[in-house]
Protein chains: 2
Amino acid sequence: MAAKSEQTRQHLADVALRMFREIGFEKTTMRAIAAEAGVSVGNAYYYFASKDDLVQELYVQVQAEHAAKADEALEGLKDLGSRLRATLHAGLDVMAPYHRFGADFVATAIRPTSPVNPFAGESTAAREASLGIFRAAVEGSSPPAPKKLRADLPELLWLGYMGIALFWVYDTSEGQRRTRKLVDGAVPLIARGLLLAKIPGVNKVLDDVLSLSRSIRN
Amino acid sequence: MAAKSEQTRQHLADVALRMFREIGFEKTTMRAIAAEAGVSVGNAYYYFASKDDLVQELYVQVQAEHAAKADEALEGLKDLGSRLRATLHAGLDVMAPYHRFGADFVATAIRPTSPVNPFAGESTAAREASLGIFRAAVEGSSPPAPKKLRADLPELLWLGYMGIALFWVYDTSEGQRRTRKLVDGAVPLIARGLLLAKIPGVNKVLDDVLSLSRSIRN
DNA sequence: ACTCACTTCTGAACGCGTTCAAAAAGGGGA
DNA sequence: TCCCCTTTTTGAACGCGTTCAGAAGTGAGT
């Protein structure tokens with residue numbers, strides 16, 4: 001019966017994610033997860049090849065929630081600034097319960113071998129899904145983003161989001177208030193900065209930045 | 001005899017760093033370091049409270065080498081572009097032997113609790129030393145950097161360097177050729193970008209970026 | 001030479017993530 | 001019902017980073 005198997009797997013994931021939130025990464029040992037879920041350690045490894053795989057499970061879930069929440073929040077928002085702001089705050093909302101876990105997550109994800117690593121390998125599903133959230137924010141906006149930037153903007157914003165997430169990890173202010181301030185302050189600047197792309201001098205440098213970015217990828 | 005103690009400590013550090021270079025982070029176990037150095041595991045822990053402390057030892061050494069090599073390379077270079085380029089390449093030169101170790105280093109350093117973390121705590125010695133290297137590159141340049149940016153530029157460049165280092169970690173091209181290309185391509189763009197700061201529209205946005213950056217720190 | 005305080009060193013032990021041979025449970029065909 | 005193959009589950013074992021009680025060494029004072 002495949003259903004029973006899937007049920008065990010899901011139960012393990014649920015227990016693990018709850019423990020990550022409630023007692024943190026280090027205290028959530030594989031033995032503790034297994035005990036709490038009522039199975040043996042070996043059985044936990046039958047479903048998740050490593051502790052990192054459980055972290056990936058969390059990543060996938062957080063990302064799906066972010067996509068759903070952002071999609072909902074974008075309803076009725078037209079200009080890029082509002083849309084970007086809503087998307088970023090949605091991300092912070094979803095991550096919030098895991099703040100104490102953030103540093104361990106980053107340390108796990110940043111390894112080139114990690115399935116969660118957003119920089120390694122162009123074709124990872126995780127990265128594409130995350131990029132898609134920002135693509136949605138850009139594509140639906142009016143007035144539209146400058147033509148020249150439209151193709152690269154989602155990736156650029158996503159990169160900025162990675163930076164914001166890193167800032168968030170180190171943000172010890174209550175409720176990560178400073179990160180919220182950063183988002184609210186940075187979004188209008190980005191929106192205004194995009195308008196500068198039309199200034200000839202800026203436009204030229206921008207061209208070169210984009211062409212460098214492309215030539216580096218090969 | 002304090003000299004004998006210092007000698008043991010130094011010997012352990014030398015052995016550990018060599019093993020990091022030659023066989024990587026994971027295979028360099030505390031037991032292996034101790035065995036290779038001819039002491040007991042417990043004794044290694046008498047000198048270094050954790051494996052991370054040995055990573056810090058490496059960080060300090062790499063940074064000192066970077067500072068020395070950059071200082072030497074700056075001799076006679078006037079314009080900011082050349083100086084920045086020399087500084088960045090000096091950093092890559094020093095890191096090169098540790099490339100295979102890079103990912104583990106980043107994963108270690110990025111933890112808020114790590115003594116090596118460059119983002120945590122404003123006053124870490126490691127961060128100040130690293131910033132100093134870029135301050136030297138900016139301060140000695142002629143023509144000088146725009147007044148408005150002069151105070152923040154070293155920190156900004158240092159942040160860029162962190163980004164380049166991250167790129168370098170994931171750069172699997174032989175000799176990390178792509179990272180070299182990135183540096184050579186990005187430096188002139190940065191130099192030209194700085195000139196744009198004089199354009200009124202850009203200047204205004206720049207003001208706001210700087211003021212946001214300051215307001216966020218509190 | 002002997003004591004005493006301090007530094008240096010040892011190796012067994014702990015809990016962790018992970019592996020694996022083998023046991024148990026399930027289920028389709030006779 | 002019994003057999004046989006696959007899926008699922010078990011728990012002991014391994015190597016790791018780290019800890020710690022205690023042994024060994026060192027040197028100044030007597």
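FYI, side chains are in, hydrogens and waters are out, and symmetry mates aren't considered; it's all heavy atoms of this structure.
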Charged tip of B:Lys51 within 45° of B:Phe25 ring normal and under 6.0 Å | yes
What is the distance, rounded to the nearest whole Å, between atom CZ of B:Arg9 and atom C1' of C:dC9?
-> 17 Å
Closest to the B:Met30 side chain: D:dT18, C:dG17, C:dT8?
-> D:dT18
What is the distance, rounded to the nearest whole Å, between atom CZ of B:Phe20 and atom C1' of D:dG17?
-> 12 Å
Compare side-chain N and O positions of B:Tyr47 against OP1 and OP2 of C:dC9 and report whether any pair is under 4.0 Å apart.
-> yes
Taking the six-membered ring for Trp, are B:Phe119 and A:Phe167 ring centroids under 6.0 Å apart?
-> no
To the nearest angstrom, how far is B:Ile33 atom CD1 from D:dG15 atom P?
-> 18 Å
Using only heavy-atom distances, determine whether the side chains of B:Arg83 and B:Thr87 contain a donor-acceptor pair under 3.5 Å.
-> no
Go through D:dT9, C:dC16, D:dT18 for me and flag the one nearest to the A:Thr29 side chain.
-> C:dC16
Any side-chain N or O of B:Tyr46 under 4.0 Å from OP1/OP2 of C:dC9?
-> no
Please tell me which of the listed nucleotides, D:dT18, D:dT8, D:dG11, lies nearest to the side chain of A:Ser40?
-> D:dG11
The nucleotide from C:dG17, C:dT8, D:dT8 with an atom nearest the side chain of A:Ser5 is D:dT8
Among the nucleotides C:dG17, C:dT8, D:dT10, which one has an atom lying closest to any side-chain atom of A:Asn43?
-> D:dT10
For A:Lys51 and C:dG15, what is the distance between atoms NZ and C1' respectively, to the nearest whole Å?
-> 12 Å
Tell me which of A:Phe25 and B:Gly38 sits closer to the 5' end of DNA chain C, going by the nucleotide each one is nearest to.
-> B:Gly38
Pick out which of B:Arg214, B:Arg127, B:Arg150 makes a salt bridge (charged side-chain N to carboxylate O under 4.0 Å, His left out) with B:Glu155.
-> B:Arg127
Name the closest nucleotide to the A:Val39 side chain, picking from C:dT8, D:dT10, C:dG17.
-> D:dT10
Starting at NZ of B:Lys27 and ending at C1' of D:dG15, how long is that distance when rounded to a whole Å?
-> 14 Å
Whole Å only: how far is the CG atom of B:Asp104 from the P atom of D:dC16?
-> 15 Å
Spacing of B:Phe48 atom CZ relative to D:dT19 atom C1', expressed in whole Å | 18 Å
Side chain of B:Arg31: nearest nucleotide among C:dT18, D:dT18, C:dT7?
-> D:dT18
Report the distance from atom OH of B:Tyr45 to atom C1' of D:dC16, rounded to the nearest whole Å.
-> 9 Å
With distance as the sole criterion, is a donor-acceptor pair present between the side chains of B:Ser213 and B:Arg217 under 3.5 Å?
-> yes
